[in-house]
Amino acid sequence: MEFDLLIINGQLIDSGFGFSKKADVGIKDGKIAKIFEPGKLTKKVISAMPKDRVIDATGAIVTPGFVDIHVHFREPGREDKETIQSGSQAAAAGGFTTVCCMPNTSPAIDNQETVKFVTSLAEKGDCRVFCIGAITKNREGKELAEIGDLVKAGVVAISDDGDYVQDPNVMRRALEYAKMFTVPVITHAEDEYLVGEGVMNESYTSSKLGMVGRPAVAEEIAVIRDIKLAGLANSHIHIAHISTAGAVEAVRRGKAEGIKVTAEVAPHHFTLTDELIEKVFDTNLRVNPPIRSENDRQAVIEGLADGTIDCIATDHAPHTDEEKDTTFDGAPPGMIGLETSLALSITELVDKGFLTLPDLLSKMSYNPAQIVGLTPNRLGEGETADLTVFNPDKSWVVKRDKFKSKSKNSPFVGRKLKGKVLATIMEGRVTFQNK
Amino acid sequence: MKLSTRHLLGLEGTPKKDLELILDTAVSFREVLDRPIKKVPPLRGKTVVNLFYEPSTRTRISFDLAEKRLSADSISFSASTSSVKKGESLKDTVRNIEAMKIDMVVVRHKSPGVPYYLTQCMEANIINAGDGQHEHPTQGLLDIFTMRQKYKKIKGLRVLLVGDIKHSRVARSNIWGLQTLGASVAICGPTTLLPYEAEKMGVDIYTNIDEAMEGVDVVNILRIQLERQEAGLFPSQREYTNLFGISRERLKRLNKNFTIMHPGPMNRGVEISNEVADSKESVILSQVTNGQAVRMSVLYLLSGVDEKETPTT
């Protein structure tokens, strides 16, 4: 058989199937055609292939392509920050073959046309892009959006991310309505009144700096409310970017009570703490929900380890240099994350012994796909060839000019991290390769 | 002697010897202010820009006079009448100003961290004249100078700050500076106007003014802003005055040789009564004069002028 692409000498890890083995992979017509035991793929076949169609994965892991269920591609509306195209390139560079993008674009993804606009642009990109539709019309938190239409157009979840649905009755109705379509409701859980004009975590640090704080309790209260409402509606609630010990505990309790609650965490919440702001006033540290205390950071790590937190999602939020180059309280919140997610996860979670590598890979691929009802990528013959090849031991330094994203707002620039993507393959096509 | 820093961004973390150098040098400059000709030459040929993004009369004039009395060329820039209204970014404004070859910038802005931000994009010496609710180091220094004038030393002094501590840059600078010099600091105000986790600042905390006054040497009274009542942080001005207003009757618990201070501007009848404001224990006007001396001292020391040249020649 002739293959389109060969991945040789790699260690295959599929946490869905539950195996870890040395094997070679032959891809044809966008699918995994054959998985060879070591030695079975002859040198003759390999050397017959054009050099650029053989990926040497010696020392590397071959795994189902990563899925990020929380990104912000700023198209339509703010193409200066990111486009679907540039965002998909950033995703591929980070090892992602699928992303779900949030609807806080301009116009918002609260109607079919905008969904179609985004998905048609994505077809020319380097990553599969699924839309998350708005919960309410224009994300105003008042009237339900035409969720039926949105689901028909292809949205995989609904969310007013960026804002909390402050009216509990609206959230209740959203959870009930969404149940008909079996799409999860994703909540940005921070009580609006309690956070007010807050720009960072409310803590001793914010007190010293004289900055308005966003109390941890604002997230905890919002999460508890939404979990209870999900219980009432018997519907699936997914907690976006969980950041506090209180919220993690609420999810733990909710799961124990049998409520359909899932949660995601962003790498900045398991890596950074708010004391850093005191030292550097780096506007790339401004994000909602804010980076928290050490106690919260450890709690989210524990939540990942014991399964309370189901997946990692970057909340990739591009902003231009001009917008971020200002005072801390004047800068828009958010940081990019697609291209540093794997490395931060390996450096902070795997290397430090909190998660095993297969466990991490579940959280980056299998689990997120399941949460939004997508078929998880798998390493099996006949499966779609969406794979990521990465070296878990390779160190590298994060550099601004290497980002594929249009925006460079990352607080990790200059940091040395471990874990590098070597190649990303989507439907048998190499969407990214590190030469 | 020189300061260990090129800038004055705040009193938190400022070494004791820097604080003492500024205060000691200010003594000479205080003496200059009593002369008929209140002018000395150390900053001749130096250009200082007063970059005020927030309205201010007294601080700006105080710095302006201090600069002129040191013979510097001083220019003021106020945000309301400038290119900022045309949308020029902070960074561009400062870069433009620097391109005019200026030596020092005195900055006041509503956002914490702006003075630090300026040190990252300018070569000039930066002096923080108040950055949001974060710090107002020259106010802290002049308050401490005033206390030192009367009590000779700060170590062991008991100082009480009263009012809206949460939103006060004056309070923060006072707390850091006083603690570094060995004073014992207490704060008092309604719970809603005390900083989150204030106990970590190392201060004693009171919500009852009469208890707070016990054994205190200096009461530094902060202004209550009407906007805080509008934001629901306390129910009415009347209630604030009843619970925390400093009137003559309240002073009886203080130590014998007590002092009343206020950074100004005062809301007479709200946080401080007329009687107390004008009493013999009030050093409020001395604070203003001392502010001049302290600012001259800071400008002089940061400008890096030859240390052998004494300030009074």
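Note that the structure is predicted; figures quoted are calculated from it, not measured. Labels below follow one simple rule: chain letters A, B, ... track the order of the sequence lines, proteins then strands, and each chain is numbered from 1.
In this structure, the portions of Asp325(A) lying under 4.5 Å from any heavy atom of chain B include both its backbone and its side chain. For chain A, the nearby parts of Tyr196(B) are the backbone and the side chain; heavy atoms of each come within less than 4.5 Å. Within the 4.5 angstrom heavy-atom criterion, only side-chain atoms of Lys91(B), from C-beta onward, approach chain A. Contacts between His167(B) and chain A at a heavy-atom distance below 4.5 Å are absent for every atom of the residue. Only the side chain of Glu12(B) comes within less than 4.5 Å of a heavy atom of chain A; its backbone N, CA, C and O stay farther away.
Listed options Glu199(B), Lys110(B), Arg172(B), Glu135(B) were ranked by heavy-atom pairs under 4.5 angstrom with chain A; first place goes to Arg172(B). When each of Ser111(B), Cys121(B), Pro195(B) is scored by its heavy-atom pairs under 4.5 Å with chain A, the top score falls to Ser111(B).
Residues Ser184(B) and Asp204(B) come closest through the heavy atom pair OG-OD2, 4.5 Å.
Judged by the 6.0 Å distance and 45° axis criteria, Arg108(B) is not positioned over the aromatic ring of Phe52(B).
If you run salt bridge (Lys or Arg N to Asp or Glu O under 4.0 Å) between Arg292(A) and each of Glu275(A), Glu219(A), Glu220(A), only Glu219(A) comes through.
No side-chain donor-acceptor contact under 3.5 Å links Asn104(A) and Asp161(A).
Salt-bridge check for Glu79(A) with Arg74(A): failed, with every basic side-chain N at 4.0 Å or more from each acidic carboxylate O. Under the 4.0 Å criterion applied to side-chain N and carboxylate O atoms, Glu98(B) and Arg95(B) are not assigned as salt-bridge partners.
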